Amino acid sequence: MLEGGGGDVRDVDVVAGGAGGEAGALAGQANVWTEHMDSPRTVDYYVFPRLCAIAEALWCEGERDFDDFLTRLRPHLARLDALGVEYRRESGTLPWQTRPGVAGKPATRADWAEFIDGLVTHIKI
């Protein structure tokens, strides 16, 4: 559910120290570029539950426990279900969240790194 997305996002430490040197960040932002997303359902899939993980990273200080986060996330996913949000499920994609004839992206960080290395081999220095 959060591999390569929310889990990574949730582990980001917000930089301490605001504009005047005071502690803490002044604001946080989560961008999503939708020009290649063909529907609101697709945007939901790419944004949730990563947005929940970003919110946690921005609002919580100190050590973070992923299992504690999942405990808080699961009731929130029920809210997303009630709202009809097409988020990425922990069990994987739903049939309508895949594109027929298009192989999925690599599933693990190691697979992803190997995939990217293959794309940029000719431009590496």
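Values reported hereafter were calculated over all heavy atoms of this structure, with side chains retained and with hydrogens, waters and symmetry mates removed. Here the structure is a predicted model, which is why all the values come from computation and not from measurement. Numbers here are sequence positions counted from 1.
Tyr45 approaches Arg50 most closely through the heavy-atom pair O-NH1, 3.9 Å. The shortest non-hydrogen separation linking Asp117 to Thr121 is O-OG1, 2.5 Å. Across every non-hydrogen atom of Arg88 and Pro49, the tightest pair is O-CD, 3.7 Å.
The distance from atom NE2 of His76 to atom OG1 of Thr71, rounded to the nearest 0.5 Å, is 15.0 Å. Leu70 CG to Asp65 CG: the interatomic distance, rounded to the nearest 0.5 Å, is 9.0 Å. Note that CG of Asp44 and OG of Ser39 are 8.0 Å apart. Values are rounded to the nearest 0.5 Å. Distance check, rounded to the nearest 0.5 Å: CG of Leu51 to CD of Glu56 gives 12.5 Å.
Scanning for salt bridge (charged side-chain N to carboxylate O under 4.0 Å, His left out) contacts around Asp68 gives an empty result, with sequence neighbours left out.
Cation-pi check for Arg89 over Tyr87 is met; the charged atom lies under 6.0 angstrom from the ring centroid and within 45 degrees of its normal.
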What side-chain donor-acceptor pairs closer than 3.5 Å can you find for residues 28-35, not counting sequence neighbours?
from  : atom 1 : to    : atom 2 : distance (Å)
Gln29 : NE2    : Asn31 : OD1    : 2.7

Working note: Met37 + Tyr46, criterion side-chain contact (heavy atoms from CB on, under 4.5 Å); need CA distance, chi angles, decisive distance, verdict. CA-CA 9 Å; Met37 297 179 190; Tyr46 282 101; 3.8 Å; yes
